[in-house]
Amino acid sequence: MYFDAHFHLFDNTSLGDNLAANIGENSSSDYFFKKYHTRESAIGGVVMGNGPLETQGENLPDNFYYCVGLDELSYFPLTAEIYNKIKIHLQNPKCVGVKLYPGYLPIYPNDKQYEPIFKLCIECNKVLAIHTGMPAAVSAKLKYTRPIYLDDVAIDFPELKIIMCHFGNPFLEEAAAVMEHNSNVYADLSGLIEGNFTTKYFCETQRDYINLLKTWIKYIGDSKKFMFGTDWPAVNCIEYQKFISQLFDPSWLDDVMINNALKIYNIRLKGL
Ligand SMILES: [Zn+2]
């Protein structure tokens, strides 16, 4: 079992359909919950929001939460109307944070126009999740996705809990430096692979890359800093669970696969 701290519900948009088709699955919410919300797989999770603010976070079952996602350039510079919509989300108990999409949007994470949102997260005791590293869209620009820009935010807002989504991959060295330097920065391990893969074949053919991942995880050396996520529909979640599990010492797995996400996102699971 695992808690999926980073996945998407694109619900039959073209991006979702393409990603799902790559792994032989269907991008609908119904499909996701039927396939993965079982005793053997996801006990809960956090949806990283996309699309209109009006509909994000709707119809989530117990133990599934969301970060309100700001993936539209039209939200910036932030107007009072958008700010208030974000605030209403953050007052919803199902909403555990804000997700920023640097790279997909040409705005650096440390841009001043995000500061009201950082303050709002602190005020509402919610988390800030930030895309870092390789984006899924060819039009997204890599310079905005460098982990180093999270250092400014973490230092200037020490009360803010920050999730570095995708562990900055493949900017792993920079990601590790930012995490070592800032006790308020955590990483989710979603999206390190995209598309169809088997763990066995991937580990055989990408051994040096796997060793790099293990090296920087060990360098940080803190079992409380990492959390499992899939980035579904980018990958099959069961196969991805196998892949992430073999990166860690078995004694870390309860924390990485479930406990850390619950603690960092302030989630108490129901019925378990
Ligand atoms: Zn994602």
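Only a predicted model underlies this, so the values are computations on that prediction, with no experimental measurement involved. Just follow the structure's listing: the first ligand is 1, and inside any ligand the first atom is 1. We use all heavy atoms of the structure for the numbers below, so side chains are in, but hydrogens, waters and symmetry mates are not.
Considering L150, N169, I148 in turn, L150 is the only one that fulfils the side-chain contact (heavy atoms from CB on, under 4.5 Å) rule with T132.
Centroid-to-centroid, the aromatic rings of H6 and F228 stay 6.0 Å apart or farther. For Y114 and F76, the ring centers are positioned less than 6.0 Å apart.
Its N, O or S atom nearest to the Zn ion (ligand 1) is what matters here, and for D231 that atom is OD1. Atom NE2 is the N/O/S atom of H6 found closest to the Zn ion (ligand 1).
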Next on the checklist: Test ring pair (Phe, Tyr, Trp, His ring centres under 6.0 Å) on F7 and F32; report intermediate values, then the result.
Outcome noted: CA-CA 10 Å; F7 70 102; F32 176 85; 4.3 Å; yes
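Contact annotation: H8 places an N, O or S atom under 2.8 Å from the Zn ion (ligand 1).
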